[in-house]
Amino acid sequence: MKFVIANWKMNGDFELVNQMMSEIGKGRECCKVIVCPPAALITSFKGFEHDLGAQNSFYEEKGAFTGENSPKLLKDIGCKYVILGHSERRAIFQESDELIFKKWNAAIRFGLTPIICIGETLEERSRWKEVLSAQLANYCADKSLDLQGTIFAYEPVWSIGTGKVPSMQEIEDAIGFIKDVIGAERNYYVVYGGSVNGSNSAEILNIHGLDGVLVGSASLKVSDFKTIIGNASV
Ligand code: PEP
């Protein structure tokens with residue numbers, strides 16, 4: 001079963017929630033749909049037939065952390081997943097691999113499944129293996145660490161929101177590399193994100209070893225998102 005994960009980023013409103021709720025009901029699709037709206041919209045998805053995720057969460061349950069979201073509260077309001085370490089959080093909010101790993105631990109502790117984003121920038125493209133290895137190091141130092149179904153999202157930064165997609169072979173190579181680094185016999189998934197849309201999703205979802213897609217801008221267009229869901233269900 002493939003994952004189709006929607007990252008709305010800081011977009012969307014009540015109208016889009018209602019549209020999504022009425023048009024993306026449980027149909028005959030056999031993929032796992034996860035919608036990650038802005039935190040302020042999560043509770044508006046009352047009765048939604050798919051899973052919800054947050055786009056970030058803090059590493060403590062509660063306290064003097066103005067502006068942060070508690071992983072426990074996110075769980076309590078209905079989130080099952082949380083995106084951590086998105087490239088925008090890494091670049092704009094200077095999130096380090098160490099901080100992301102602390103958030104990973106807290107998310108697991110409070111019953112959220114983390115979606116950990118990794119990927120190289122354009123400048124780092126020639127040494128992508130080194131970059132991915134460094135971003136994965138905390139999850140691999142102890143191979144007996146239970147990853148509890150963590151979803152690793154390979155998102156080349158140069159592909160996010162640009163319409164530029166690596167070749168299918170490059171994605172397959174990166175997925176294979178990630179799996180080699182993390183190791184077999186561990187409980188995790190690997191998805192791809194970066195300019196996935198209705199037109200290219202069938203080919204991308206067919207890549208050997210890929211467990212699904214993380215979709216940004218195309219997840220805001222209900223018809224595109226429905227096409228991606230359809231392509232993940234075949
Ligand atoms: C993202 O932000 O995670 C993403 C994949 O964006 P887009 O699909 O717009 O490239």
Side-chain angles (χ1 to χ4, degrees), residues 2-13 16 20 24 31-39 41-42 50-57 79 81-95 97 100 103-104 107 112-122 124-125 128 131-132 135-136 150-168 170-172 174-175 178 189-207 210-232:
K2 305 270 189 195
F3 291 97
V4 177
I5 307 165
N7 174 16
W8 284 14
K9 313 192 189 208
M10 203 174 72
N11 296 299
D13 49 22
L16 186 61
M20 227 19 115
I24 317 279
C31 63
K32 185 114 188 114
V33 178
I34 304 165
V35 177
C36 306
L41 286 176
I42 290 167
H50 297 285
D51 288 335
L52 291 167
Q55 298 173 13
N56 182 32
S57 62
C79 286
Y81 296 84
V82 60
I83 297 173
L84 295 173
H86 189 279
S87 63
E88 287 147 20
R89 303 255 3 136
R90 292 176 187 264
I92 304 168
F93 304 98
Q94 280 82 49
E95 292 200 358
D97 289 314
I100 296 161
K103 292 181 172 190
W104 178 88
L112 293 169
T113 300
I115 301 165
I116 301 290
C117 300
I118 57 172
E120 79 286 358
T121 62
L122 190 56
E124 295 165 336
R125 203 170 169 192
W128 63 271
V131 172
L132 297 188
Q135 291 173 335
L136 290 169
T150 294
I151 300 170
F152 290 93
Y154 171 55
E155 299 207 299
V157 181
W158 52 270
S159 177
I160 295 177
T162 59
K164 293 184 186 138
V165 178
S167 71
M168 298 305 115
E170 284 171 326
I171 298 177
E172 187 172 330
I175 300 309
I178 291 165
Y189 302 93
V190 185
V191 302
Y192 168 79
S195 295
V196 176
N197 58 40
S199 315
N200 62 20
S201 53
E203 198 182 4
I204 292 173
L205 282 157
N206 226 7
I207 292 172
L210 191 69
D211 296 311
V213 287
L214 174 48
V215 187
S217 43
S219 72
L220 298 166
K221 297 175 212 132
V222 178
S223 63
D224 247 23
F225 195 52
K226 278 169 93 167
T227 305
I228 298 169
I229 292 171
N231 287 334

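This structure is a prediction, so every number in the text was calculated from the model and none was measured. For reference, positions follow the sequence shown, starting with 1. First listed ligand is number 1; within each ligand, the first listed atom is number 1.
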Side chains of Asn11 and Pro38, heavy atoms from C-beta outward: is any pair under 4.5 Å?
no
Listing request: all side-chain hydrogen bond (donor to acceptor under 3.5 Å, both in side chains) pairs with a residue in residues 219-232, at least two apart in sequence or in separate chains.
Glu23-Lys226, Ser201-Asn231
Ligand 1: which protein N/O atoms lie under 3.5 Å from its N/O atoms?
unit_1	atom_1	unit_2	atom_2	d
ligand 1	2 (O)	Lys9	NZ	2.6
ligand 1	2 (O)	His86	NE2	2.8
ligand 1	3 (O)	His86	NE2	2.9
ligand 1	3 (O)	Glu155	OE1	3.1
ligand 1	3 (O)	Glu155	OE2	2.8
ligand 1	8 (O)	Gly216	N	2.8
ligand 1	9 (O)	Ser217	N	2.9
ligand 1	9 (O)	Ser217	OG	2.9
ligand 1	10 (O)	Gly161	N	2.7
ligand 1	10 (O)	Ser195	N	2.8

How many angstroms lie between atom CD of Gln135 and atom OH of Tyr154, to the nearest 0.5 angstrom?
10.0 Å
All ring pair (Phe, Tyr, Trp, His ring centres under 6.0 Å) counterparts of Trp8, not counting sequence neighbours
Phe45
Mind jotting down which residue pairs meet the salt bridge (charged side-chain N to carboxylate O under 4.0 Å, His left out) criterion with at least one end in residues 4-13? Sequence neighbours excluded, please.
Lys9-Glu88
Could you walk me through whether Val35 and Val33 pass the side-chain contact (heavy atoms from CB on, under 4.5 Å) test, one step at a time?
CA-CA 7 Å; Val35 177; Val33 178; 4.3 Å; yes
